[in-house]
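Sequence positions, counted from 1, serve as the residue numbers for this chain. What you see is a predicted model, and the numbers here were worked out from it, not measured in a lab. These numbers come from the heavy atoms of this one structure, side chains and all, not from hydrogens, waters or symmetry mates.
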Amino acid sequence: MAFRELVFTVPEDLAENLGDALMELGALSISVSDAAADTEEEKPLYGEPGLTPEKNAWEQSQVIALFDENGLTAAEISLALSEEGFQVNMPLERSVEEQDWVRLTQSQFDPIQVGQRLWVVPSWHDAPNDPNAVCLAVDPGLAFGTGSHPTTKLCMQWLEEHVGLGEKTLLDYGCGSGILAIAAKRLGCGPAIGVDIDPQAVSSAKDNAIRNEVSVAFYLPEEDTATSQHDVVVANILANPLQVLAPALCQRIAPEGHIVLSGILARQAEEVIETYKPWLDLQVWRECDGWVCLTGQLKKKTLNSSKSPSPRWLKIVASLALSALVLGQISYLGRDAIKHLIAKSPPSIQTSTEKAFSAIDKSICQLLPCQDRALSDFSAWSIEFANLEISAPSSKRKSSEPSGILKLQIRNQLNTFVAWPAIVLTITDANDIVIAEKVLQAKDWLPSELQSDATALDKGAAPLLEVSSNLPLALPEQAAGYRVRLSYLNKE
């Protein structure tokens, strides 16, 4: 059977409704593409994990409808659309001959050599004639990660070139098809897990692990309750969610462990590096086709010691000075920090430890002045939801009127009070160029019921509190994208 494609070129706001109408007229499938594709006017659309895409079509979109040869003619379809109120031009019609679509699709995917030894080999191809090859059986499917994209290659090359994986544990966050965790296991890595927000990706990753005869535990985020730390944390997502996830990802790195980040355009690298500075120093490990792979190591904090032994009297003086410093910290600065350490301790010892400290703390505070401080710690917070709804430009709207709404939901994950963070909203244009940055202090973004409670506002978020806020904002007219992060660096 032969098929026909009808191609309509329409404005962005018509694309979705037109597609629905064409399906009702007998279309077998609908696809939407950029009418300016492969030209200087092409504008990519990004849909990032955890965030709702702001646009589902392009300014000028091509709506392509597939019909069989016995369906309505192009003229009949145009007339029916006109009667339903659509103002569209006569579509371009082209013939599509019947083919063996499975073979045609398979022919587009050949084995891919990723590094010196790593290969990704679809199931319908033979393995390469190389005795040193490490082959991964991963077929193109619904989950991202076939080894063809530069970001996936960069992460796999890092895994291949860093020896000693046999004694390491690994977390693949945003695992997609599971290809990175599977590659690590095939290279000899120790225990590995993968996490993804898409149930289809988790299912695909589990199937791929079985196909490659490796043991990897794949979970949805709500199923990953262990919050274990790992020697290698790899995340191949996109720049914006990597910035939002910075506190959570850094919390999962074991002491002296490595983090490997990709899905980052070269022009976004410095911004991502800056976001991770409170925890570790990142650097560009390698670049490929405009994408970069960033890596960093969580250094183990140690005290520098002199090579020659210190005199006994110097050790005594140092011990006395250290004791005085510790006492001063407990009296004026460190009291709250000890409380926060207790709040982060394992539940099995948390209650008894907190009870003992409270008794000692009460005695000390009867003799010395004590001051309660809320914890300022990124790892305490989880961004449950962040979305900026940007309104379309309007000549009737005054410049002072809101042109967007920031919907935010964050959660204090610790069993202690935590200082309210500032919200840093970075606004970009359609080319992902930063055009403005807004720093919203707690008094600017907290809901009114919390702001009315001066004690709550001053003391910070209660243990395990979840707070939501819908904040109207005035945005630049060219606003098209955004990034959200938490900060304690811009307090008034």
Side-chain angles (χ1 to χ4, degrees), residues 46 48-51 151 154-155 158 171-174 195 197 221 227 229-230 232-253 257-287 290-299 375-388 406 408-413 418-429 431-442 445 479 481-491:
Y46 297 104
E48 302 186 346
L51 303 176
T151 61
L154 287 168
C155 292
W158 189 94
L171 167 64
D172 179 5
Y173 203 94
V195 178
I197 63 172
T227 61
Q229 292 186 322
H230 301 268
V232 178
V233 174
V234 58
N236 178 23
I237 316 177
L238 285 173
N240 190 27
L242 284 176
Q243 289 177 272
V244 172
L245 290 168
L249 291 178
C250 290
Q251 194 175 19
R252 304 299 295 271
I253 310 172
H258 290 82
I259 189 168
V260 183
L261 305 178
S262 196
I264 305 161
L265 294 169
R267 68 172 184 269
Q268 300 169 329
E270 287 303 320
E271 187 174 349
V272 176
I273 291 171
E274 188 66 26
T275 301
Y276 279 76
K277 272 193 173 179
W279 301 276
L280 76 173
D281 292 328
L282 292 175
Q283 54 276 335
V284 175
W285 179 71
R286 187 170 292 168
E287 181 175 348
W291 299 88
V292 296
C293 175
L294 302 181
T295 62
Q297 186 176 15
L298 193 64
K299 299 295 185 182
L375 173 65
S376 296
D377 185 352
F378 279 104
S379 66
W381 291 104
S382 170
I383 298 180
E384 306 291 323
F385 180 80
N387 186 37
L388 179 63
L406 176 62
L408 183 71
Q409 182 173 314
I410 63 175
R411 182 173 182 267
N412 170 16
Q413 302 178 95
V418 180
W420 297 110
I423 306 300
V424 181
L425 175 63
T426 302
I427 302 167
T428 62
D429 61 14
N431 295 316
D432 200 33
I433 296 174
V434 175
I435 57 175
E437 186 171 86
K438 293 180 178 289
V439 179
L440 308 171
Q441 302 294 345
W445 69 267
Y482 65 95
R483 302 184 187 95
V484 176
R485 60 187 174 92
L486 306 182
S487 174
Y488 288 105
L489 305 179
N490 297 287
K491 282 195 169 185

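- Between V484 and I423 there is a side-chain heavy-atom pair separated by less than 4.5 Å.
- Taken from NE2 in H230 to CD1 in I259, the straight-line distance is 12.0 Å, to the nearest 0.5 Å.
- The minimum heavy-atom distance between P247 and W279, with the atom names listed, is CA-CZ2, 3.8 Å.
- At least one side-chain heavy atom of P421 sits under 4.5 Å from a side-chain heavy atom of W445.
- For the pair D432 and R483, the minimum side-chain heavy-atom distance is below 4.5 Å.
- At least one donor-acceptor pair under 3.5 Å links the side chain of Q268 to the backbone N or O of L265.
- Counting only heavy atoms from C-beta outward, the side chains of N412 and W381 approach each other to under 4.5 Å.
- Residues L261 and Y276 are in side-chain contact: their nearest non-hydrogen atoms beyond the backbone lie under 4.5 Å apart.
- Applying the side-chain contact (heavy atoms from CB on, under 4.5 Å) rule to I435 yields the partners I427, D429, P476, Q478; only residues at least two apart in sequence or on another chain are considered.
- The side-chain contact (heavy atoms from CB on, under 4.5 Å) check on T275 picks up Q243, A246, R485, with sequence neighbours excluded.
- In this view, H258 and W158 satisfy the ring pair (Phe, Tyr, Trp, His ring centres under 6.0 Å) rule, not counting sequence neighbours.
- Qualifying side-chain contact (heavy atoms from CB on, under 4.5 Å) partners for V284, counting only residues two or more places apart in sequence or in other chains: A269, V292, L294.
- In terms of heavy-atom proximity, C293 sits nearest to S262 at CA-OG, 4.3 Å.
- Every residue two or more places apart in sequence or in another chain that forms a side-chain hydrogen bond (donor to acceptor under 3.5 Å, both in side chains) with E437 is listed here: T426.
- With sequence neighbours left out, Q251 forms a side-chain contact (heavy atoms from CB on, under 4.5 Å) with S379.
- Between E274 and E271, the closest side-chain pair of non-hydrogen atoms is not below 4.5 Å.
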